[in-house]
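Presented below is the structure to which this report refers.
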Amino acid sequence: MFQSVSDSNFVPGEHSVLHFWNQHDTFRKLREKNRGQKRWSFLDGPITANNPMGVHHAWGRTYKDTYQRFFAMTGHDQRYQNGFDCQGLWVEVEVEKQLGLGTKSAVYEYGIDNFVNECKRRVLKFAARQTEQSQRLGYWMDWDNPDQLREMAEHLGTDTQITITAPSGKTETAAAHQLVEKLGNPEWGGSYFTFSTENNETIWDFLKKCFERGKIYQGHDVMPWSGRGGSAYSQMEIAEGRKLTTHKSVFVRFPLKDRENEFLLIWTTTPWTLTSNVGAAVNVDLDYVKLKSNKDDAVYYFARDNLNFQRLASEFKDGFGRPEWKWPEGVGKLKTIAQIFKEQGGFEELGTIKGAEMVGWAYEGPFDNLPAQQMDGGYPVDENNLGVCGANWHKVIDGGRDSRGSAHVVAGEGTGIVHMAPGCGDIDHKIGTSVGMPVIAPLKDDGTYGEAFGEFAGKEAIAPETAELVFERLKEKGFLVATETYPHIYPHCWRTGDELVFRLVDEWFINMDWRDEIKDVTRQIRWLPDSIDGQNREVEWLSNMGDWMISKKRFWGLALPIWVDPETGDFEVMGSLAELKERAVEGWDGFEGNTPHRPWIDGVKIRNPKTGNLMNRIEDVGNPWLDAGIVPFSTMNFNERYSTEALNWADWYPADLVTECFPGQFRNWFYSMLSLSTMMMFDKDGQRTAEQKKPFRTLLGHRLVQNEEGKPMHKSDGTAIWFEEAAEQLGVDTMRWMYLAQNPATDLRFGTRHPDKPVTLNTPEGPISETKEGVPTATVTSGPADETRRQILIPLWNCYKFFVDYAIADGFSPSDALRKRVAGGPEANVEGGFIPVADRPEIDRWVLSNLQTLIETAHREFADFNAPGFCEAAAEFIDDLSNWYIRRNRRRFWRSKDASDTDKTAAYETLYEVLVKLCQLLAPCIPFLTERMYQNLVRGVTGFGVEVSGETIEVPESVHLCDYPAANTGILDEALNKRMAAAQLVVKLGHKLREENTLRVRQPLAELQFASSDPETASAIAQLADVIREELNIELVTQQANLDDLVGYSYKPNLKTLGPKYGKLLGLLRTKLPEVGDAVLGPLRRGENVSVEINGNSIDLTPDDVLISTEQADEWVCSDEGGIQIAISTVLTDDLVRKGMSRDFVRQVQQLRKDANLHIQDRIGIEYHSEDNLVQAMVAEWGDYICGETLANSIEFSSTPFSDVKSVNVGDTGVTIQVVKLV
RNA sequence: GGGUGUGUAGAUCAGCUGGUUAGAUCGCAGCUCUGAUAAAGCUGAGGUCGGAGGUUCGAGUCCUCCCACACCCA
C-alpha cells in the first residue's frame, strides 16, 4: 500500500504539504475537533506590520506555533489569534518617506485624514504580507484572507461599499474604514489590529482609571525639534539626519560673584541658548587652571588640559569619519585657548584647582536682563520651582556621570566648563531638574523666541543673524572672549534638512507611584528561561523606572482621550466613546462613523462642568506600547462590547503563555502589559489579589538571531536574511528545528547572507529573484542548518525510506488494526491483528519501550515550555533508531520472503509503529516532514493532491489531526532500556578495545568475557550476548563471576567518602593506596570491608571508599566502565585468521559489485589470484560462505594475476579479484 | 558611577550542594564499519578553567581584589 520514497526534497515537499492543508482545510478541522474542549490560552504579542518578516521574526513564531500545535494535539480549545501592531511613529516615518512629505505643515496640507488613511493602508498591506509569510512557516493561526486585507486597504478613504467574509464566516458590507476598525473582533475572528476601535477604546478605559486615581499629569520634556517641520524627533530619526555643518561658536566669560575680576570660561556652538543659561557644570575630578590675562588682568578658570589642546586636530587632517565629511573649505585650523590669549596680549598661569572646589560658586549670567531670566519659577513658570529664577540661580554644579559611567563634562573640545540651559538641551534638562534648576524654555513651536525674550522675541533661534545679535550684546557687556567658525556633525531634520534645536515641550505622563502593585503582579508570573532571571529584571526595571510619558506630538496613533480647558488648564479623561458622546457638546456629528483617530476625533468638544468653558482634546497621540499592553483586555472582549457567546473574557484570562524576544521588552511590552493589567484589575476595596491581576501565567523569552559569526544582521548592509530567502533555501522544517533546539537564553547564530550571490528562489507561487519589495534575493548559507539536516532530518527520512523500500519489496502492509492502533482514530488501541508486543524479540520491545520514554519526555518538556529538552531527547531517539535498531535488524528485513516468518513481521510492525508515533511526536516541531511521512505510512499516498481511493478504515486525515501519543506504560520497560544500555556499553567498550589494539572488526576473535559486581547488570548483558557477539564479531561471549584470572586491578581512594573521614591523610592515601595491592584489597571487590596500615595509620575501608579499575593481562585486553569489566581474547588461531580473511574477501567482492553497478539480485562468478597459499586454503574452507554472501555461482583460482586490477588486502595478503556478471 | 551577568578546547556551550585524569557538539587529522543514510563508531591533537591572592586534606566550583566583555539603571 505504500508509495515508493525518493530523496527528501525538503523544500518542494513543504510546498506540497501547504497545498494539501489548504485543499483539505486541515486547520479548520483541527479547530472543530477541539471546539468546546478544555482551553489553553495563548496571547500573541503583536508584530509590527510595517515591513516584511525576516528570519528573526520566525524564532518566536515557531515557538508560538509549536506550543499551540502541541496543546491542540493534546485536545485543547484555543483562540489562535495573531496580532499586528499598527500605530506609531515607525509607520508615520515610512509613510512620510513614501509620500515625500517633508514637514509637519506638509502633512497638514496633505490632510491628516489622508495621511492617517495612508498609515492604515500601509499597515494592512504589510499585515497581508506577513500573513502570507507566516503561513509559509506553517504557522497555524486564524488568519484573515490577505487578499481581503489588500482590498480594504485599496478602498480606504472612499465610501465604496465593500463586502468581506471574515474568518468566522460572517459576511459584512460597509465602507472600508468601517470594516477595518472592527478587524479581529470576537465575532469575526482573524488577527487583532491595534488600530481597531476596540483596542483604542479599551486604552481609554485604562487611562480613565489612571485619571480617577489621580495618576495623569502634564509635564515637560526636552526634545529634538524642527522649527519648520514643527515637530519633535525620535532618536531613531536623528541618527538618520546627521550632517556636517559649521557654526559660529563662541568663548564667553561669566563673571564670578564675590571674586572680583574672576571669570568662568565657557564655550558653545549654539549661541542662542546663552539667553537661557541657568548653570555651569564642571567635572569635579578634573584639574582647572587659574589663568590671568595680560589684557585686563582678568582671571579665567577652565580645564587645565584645554589650554594647549589642539581642537579637531585629527578631523582637520582626516575629516569626520565619512568620505563626504571632509574639513570644509575656507575654514581655518582651530586655535588653542593659549593662542587666543596670546593674541590678546599674553597670559600668566596662577595655579590649578580641582573642579570640586568650584562647585557652588555663583556667577552672573550673560542675559540676566531678559524678563525670562527674572521670572519666578522659570519660564514657563513651574510651580515646583517658585522662589528661584534663572538670574538668581546661576552657579557652578557637578556635571555628574552618564549611564555608562563616563563624566558628562570632560576636557577636550570645550573649556571643561559647560554652560547649562535646561530648556534647550536634553542632558542639560536631565541634570538641571535633578539639582533643582529652574527651566527657561525660549522657543515656540515654530522655532522662534517667545515673548519674554526682549529684543530676541520672534527671532529664529538657528538664524545666523540671531547668533550675531547674541555676539553683539555679549561684546557690549564684556562677556565675549572670542568667536570662531567651528565645523561639526550636527543633527538635521531629515525631512527639511534644517538644523534641529532642542526644545522644551509639554507632554503627558502617568505617575507610576503605584509601581509596587505592579511588582506584586510580576512576582506571580513564571519567567522563562530561568537562567536570565526575568522576574528580577522586570522587578528591577519597575523599581527604577520614571513616570511614563505617554504622549507624542504626531498624527497617527491612539487619540489620547484627554480634554483640556484652555483657560484654567483643568483636564478630564474620557473612558469610552459612549461617555464622550454623552459629554460632547460640539463636533460629535462630524466624528460619528469615523474611527477614533485624528483628525476626526479632534473636533469633538466637551464642557468643563466647573467653568462652563469648552474643553478641547489635546492634539497628542499615545505611546504605542499602550496599544500592545492593552491586548489582554481588548482582544478578549473584556468590556463585553461583543457577544460573550463568541468570546468570554474570563474563560481566556490570564493567558497561559506569552512569548517574545526579550532584550528590550522588559521595559516595553512586558512592562506595559503588566502595568495596564494591574490598573485594569484595580479595585478600590482591594478584593482582587495580585494573582488575579496577572495578565499571563508564563512568559517565555528568547534572545536574538545573529549571523553565523555572532554579529547582528542589518538591513542596511544586506546581511539581514529575509524570511523567504531562508525558507526556500534551507527549508522551514530545518529552520523550525534550529529555533526549537536552541537554548533561548543565548543568541542563535543562524547563518549568513551573501548579498553578492543572487539566487532565484522557488516559492509556492513560482520562482522569484527579488522580494515583493524589490530586494534581490541572495544566497544564504548556514552551518547550523546543514547540521540539523544531516543529523536529524535526513536520518529520520532515511529510517522512513528504509522501511518503505523494504515494505514495498516485501509486500508488507500494516493490518487495519495496526494502523488504527498507531494512528489513532475512532477505535484506537485495538488489540489483535498484529503480533502482540510481548511476543516480539527483545530488541523490538526495547525500541518500543524507548519510544514510550520519549513520549513521556515530550509531554513533560512541552508542558514545561522546554522545546530544547524535547528536541535533544528526540534527536537521541532518532540516532538510536537509525544506528542501533535498524542497523542491528537489517537482516530481518532483507531476508527472503516467507509468509510464516513472524520474526520478520514483528520487525516491520515494530518499525511501522515507531515511525508513525514519531511523526506524531515531532509534528508540532516539524509539521511538514512529518505530514509527508504520515500520509504515506498511514494513508498510503505521497505527493498529495489525490484523494485516497479504497480507504476502508477511518484514520485521521492528517498527522495534525491525530491525538498526541500517550505513553503506554505496559510497553515501557525500564529494565529492558537499562539492559540494552548495558549491552551498548559493552559494544562501545569492545569497539574501543579493538581500535586501541588494532584488531579490526572483520577479524573474528575467540572470546569476550565480562563481569559486573551488579548481578542485574551481569544478567542483562548475558541476555544480550548474541547482540554483542554479532556487533563485535566475537565467537563466544561469556559471563564470569569476575575477571581475576585475566586482568589485574588497580585501586584508588574515593576522595569524596574518605575526605571527611581522614582529612589530611588524603594526600598520603592517594600515593600509597594503589601500592597496597590486590592481595590485601581484593576482598573489597566482593563487598567486604578491609583495614590497612599506611605509615602507621590504620585505615578502615568499605567498598565505597575505593575505586577499582581493571588492567591488562597477557593474551587478553580489557576495559571497564560503569561497573562493567570486559576482556577480549587477542589470540588469533589459524582458523580465526582464515575466517577473518573470508569476511574481507566478501567485503571486497561486495565493493566490486557496487562499483560495477550490479543489482542486488544479479548472480556473479568470481576469479581470484594470490601468491599466498593461505588464500586458497581459506577459499577451500569458506568458498560456500563467500558465494552465499555475494550471490556467486562459482569461485575460481587463477594461476596468473589479472592485469588492470588493483590488488586488495585480504587479511595481510594481497589478492586480485575479478567479478563477472552471469547472464 | 551603581547593579546584574558572563569569562572553560579553534567555535558554541555543559560542568549539580568543592572530590580523583575538566566534558559534549561542531570543526580538524587518522582509523574502522557500511547490501537505507549526505550517516555512524573509535582514536588523536587542542585547555596554566580571565588574572592574583585566600579558605580547605582537596578549588573550574567558595571568599576577596583586579582585568575584560555584555546587559540594565540614574
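Proteins come first, then strands; the chains are lettered A, B, ... in the order of their sequence lines, and each starts at number 1. Just so it is clear, the structure is predicted and the values come from calculations on it, not from any experiment. Worth knowing before you read on, the calculation uses all heavy atoms, side chains too, and leaves out hydrogens, waters and symmetry mates.
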Considering Watson-Crick and G-U wobble pairs with both distances under 3.5 Å, what does [N] pair with?
N: B:G27; value: none
N: B:A68; value: B:U6
N: B:G19; value: B:C57
N: B:G46; value: none

[X] side-chain proximity, nearest of [options]:
X: A:R667; options: B:A36, B:U34, B:C72; value: B:C72
X: A:N883; options: B:A36, B:A38, B:A39; value: B:A39
X: A:L1066; options: B:G19, B:G35, B:A36; value: B:G19
X: A:R890; options: B:C57, B:U32, B:U34; value: B:U34
X: A:N743; options: B:A11, B:U34, B:A14; value: B:A14
X: A:I886; options: B:C71, B:G35, B:A36; value: B:A36
X: A:W541; options: B:U12, B:C73, B:U20; value: B:C73
X: A:I794; options: B:U37, B:G35, B:C33; value: B:U37
X: A:N798; options: B:G35, B:C33, B:U37; value: B:U37
X: A:R790; options: B:U34, B:C26, B:U21; value: B:C26

Passes salt bridge (Lys or Arg N to Asp or Glu O under 4.0 Å), A:D733 versus A:R932? Steps please.
CA-CA 12 Å; A:D733 276 333; A:R932 289 167 72 196; over 6 Å; no
Using the [atom1] atom as the reference point in each nucleotide, state the distance between [N] and [M] in Å, no decimals.
N: B:C63; M: B:C16; atom1: P; value: 14 Å
N: B:C69; M: B:G18; atom1: P; value: 32 Å
N: B:C13; M: B:A22; atom1: C1'; value: 14 Å
N: B:G47; M: B:C73; atom1: P; value: 41 Å

Is the count of non-hydrogen atoms from other residues, nucleotides or ligands lying under 6.0 Å from A:L1055 atom CG greater than 12?
yes
In this structure, how many angstroms lie between the [atom2] atom of [N] and the [atom1] atom of [X], rounded?
X: A:K1052; N: B:G58; atom1: NZ; atom2: P; answer: 20 Å
X: A:E787; N: B:C13; atom1: CD; atom2: P; answer: 14 Å
X: A:F666; N: B:U4; atom1: CZ; atom2: P; answer: 16 Å
X: A:Q742; N: B:U25; atom1: CD; atom2: P; answer: 18 Å
X: A:D810; N: B:A36; atom1: CG; atom2: P; answer: 13 Å
X: A:Q706; N: B:A70; atom1: CD; atom2: C1'; answer: 12 Å
X: A:N668; N: B:C72; atom1: CG; atom2: P; answer: 11 Å
X: A:N1054; N: B:G18; atom1: CG; atom2: C1'; answer: 14 Å

Under 4.0 Å between any heavy atoms, over every strand shown, what does A:S543 touch: base, sugar-phosphate, or nothing? Just pick one.
nothing
Heavy-atom closest contact (A:D547 atom, A:M512 atom, distance)
OD1-N, 3.0 Å
Once you measure the plane-to-plane angle for A:W527 and A:F670, does it fall in the parallel (<30°), tilted (30-60°) or perpendicular (>60°) bin?
perpendicular
A:R790 and A:D786: salt bridge (Lys or Arg N to Asp or Glu O under 4.0 Å), yes or no, with the steps?
CA-CA 6 Å; A:R790 218 174 49 226; A:D786 294 343; over 6 Å; no
Run the ring-centre check on A:Y671 versus A:F666 and record whether the distance is less than 6.0 Å.
no
